[in-house]
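To start, the structure itself, in structure tokens.
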Amino acid sequence: MDSLHAIGFYVSAAVSLAGGLSVAFLPDRLRRGIALGAVAIGVAGIYLSLSAGFAALVALACYGGCAVLLAGPSYRIFESVTATVWRQLGAIASAVLLVALAYAAYFGAFHHANYFGGDFGSAALGRRLFAHDALATEAVAALVLVALVGSTIAWRSRDRSR
Amino acid sequence: MAVKGPQPMTAGLVAVLFVAAGLVSVGAFIAAWRRDLTIALAGIPLMFAGAGTAFAGVSRFAAAPAGGGQLLGQEVAVLLAVAALAAVVLGVGLAGREGRR
């Protein structure tokens, strides 16, 4: 990886991680949405620096869409009844997960991996998505369909109950 | 004795995996820590983004096999991004049905 790609990677990684921490700690939904948008931009930058341009475009659209949904006017507060102790245990478990993943990344045999940069390859990626691995693409399409239908039914039943 | 010049900045697979681990952990932290379940939904795209980063990084740093297998990680990253959006759409819809303003 050359210096330009490396700088882009580190800046994008910093943006995405800072955005993620901001989503965790910011109080109001608009700022959280902006922070999630920063995560989308950062992740797209990471993919772009890894020569995955098509994946960067899709990630920008999808994670940006998540940010718009979570910052938009359809947002509703839905508080859980989970005890504080369990939430604290969950936070500690996520820290343990970070340590375990970082340990596996550092002590794995990944130091000598070489970077094979290339073109964005959107045509080849499209051939894989719609020809070679069409079943996986159709499974995700079915998931999107179920999510959209479920969301529509939920909103319609809510409007009817008013 | 030869004097070494400035070394070019680079990023290896370990750095990519560190960033992926950070994204997954921050997503898990959001999902576990926030009391409002609609905010906890925001952890899902972060975790999926971390997993997609790991897949894209490993495929880019792996030796290119025959048949275009180097694109497999990018493909999984694309599918993960779409799946994260679907999960958030469904979650926001259900929270809109049950939640309050």
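A note on names: the letters A, B, ... follow the listed sequences, proteins ahead of strands, and every chain is numbered from 1. Every value quoted in this text rests on a predicted model; they were computed, and no experiment measured them.
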What part of A:L60 gets within 4.5 angstrom of chain B, counting heavy atoms only: side chain, backbone, both, or neither? neither
Point-to-point distance, once rounded to the nearest 0.5 Å, from CZ of A:F54 to CD of B:E75: 10.5 Å
Contacts table for residues 9-16 of chain A: side-chain donor-acceptor under 3.5 angstrom, sequence neighbours left out:
unit_1 : atom_1 : unit_2 : atom_2 : d
A:Y10  : OH     : B:T10  : O      : 3.2
A:S12  : OG     : A:G8   : O      : 2.7
A:S16  : OG     : A:S12  : O      : 3.1
A:S16  : OG     : A:A13  : O      : 2.9

Per-residue contact mode, A:V43 against chain B (heavy atom under 4.5 angstrom): side chain
What part of B:A54 lies closer than 4.5 angstrom to a heavy atom of chain A: side chain, backbone, both or neither? neither
Checking B:L46 against A:Y63 for the side-chain contact (heavy atoms from CB on, under 4.5 Å) test, could you report, in this order, the C-alpha distance in whole Å, the side-chain angles of both residues, the deciding distance, and whether it holds? CA-CA 9 Å; B:L46 273 156; A:Y63 298 132; over 6 Å; no
Is A:I7 in contact with chain B via its backbone, its side chain, both, or neither, using a 4.5 Å heavy-atom distance? both
Please classify the contact of B:L79 with chain A as side chain, backbone, both or neither, using a heavy-atom distance under 4.5 Å. both
Check residues 85-92 of chain B and write down every donor-acceptor pair under 3.5 Å in which the side-chain atom is one partner and the other belongs to a residue at least two apart or another chain.
none

Is a side-chain N or O of B:R34 found less than 3.5 angstrom from the main chain of A:A24, in a donor-acceptor match? yes
If you count the non-hydrogen atoms of other residues, nucleotides and ligands that lie under 6.0 Å from CZ in B:F55, is the total more than 12? no
Chain B contact via A:V39 - side chain, backbone, both or neither, heavy atoms under 4.5 Å: side chain
Between B:F18 and A:L101, is a side-chain contact (heavy atoms from CB on, under 4.5 Å) present by the stated rule, with each step listed? CA-CA 8 Å; B:F18 270 150; A:L101 290 176; over 6 Å; no
Quick check on B:V76 against chain A: is it the side chain, the backbone, both or neither that has a heavy atom closer than 4.5 Å? neither
Heavy-atom distance under 4.5 Å to chain B: side chain of A:T84, backbone, both or neither? side chain
Return a table of donor-acceptor pairs under 3.5 angstrom between the side chains of residues 21-33 of chain B and protein atoms on other chains or two or more places apart.
unit_1 : atom_1 : unit_2 : atom_2 : d
B:S25  : OG     : A:L98  : N      : 3.3
B:S25  : OG     : B:A21  : O      : 2.8

So which residues of residues 131-138 of chain A are in contact with chain B at a heavy-atom cut-off of under 4.5 Å? A:D133, A:A136, A:T137
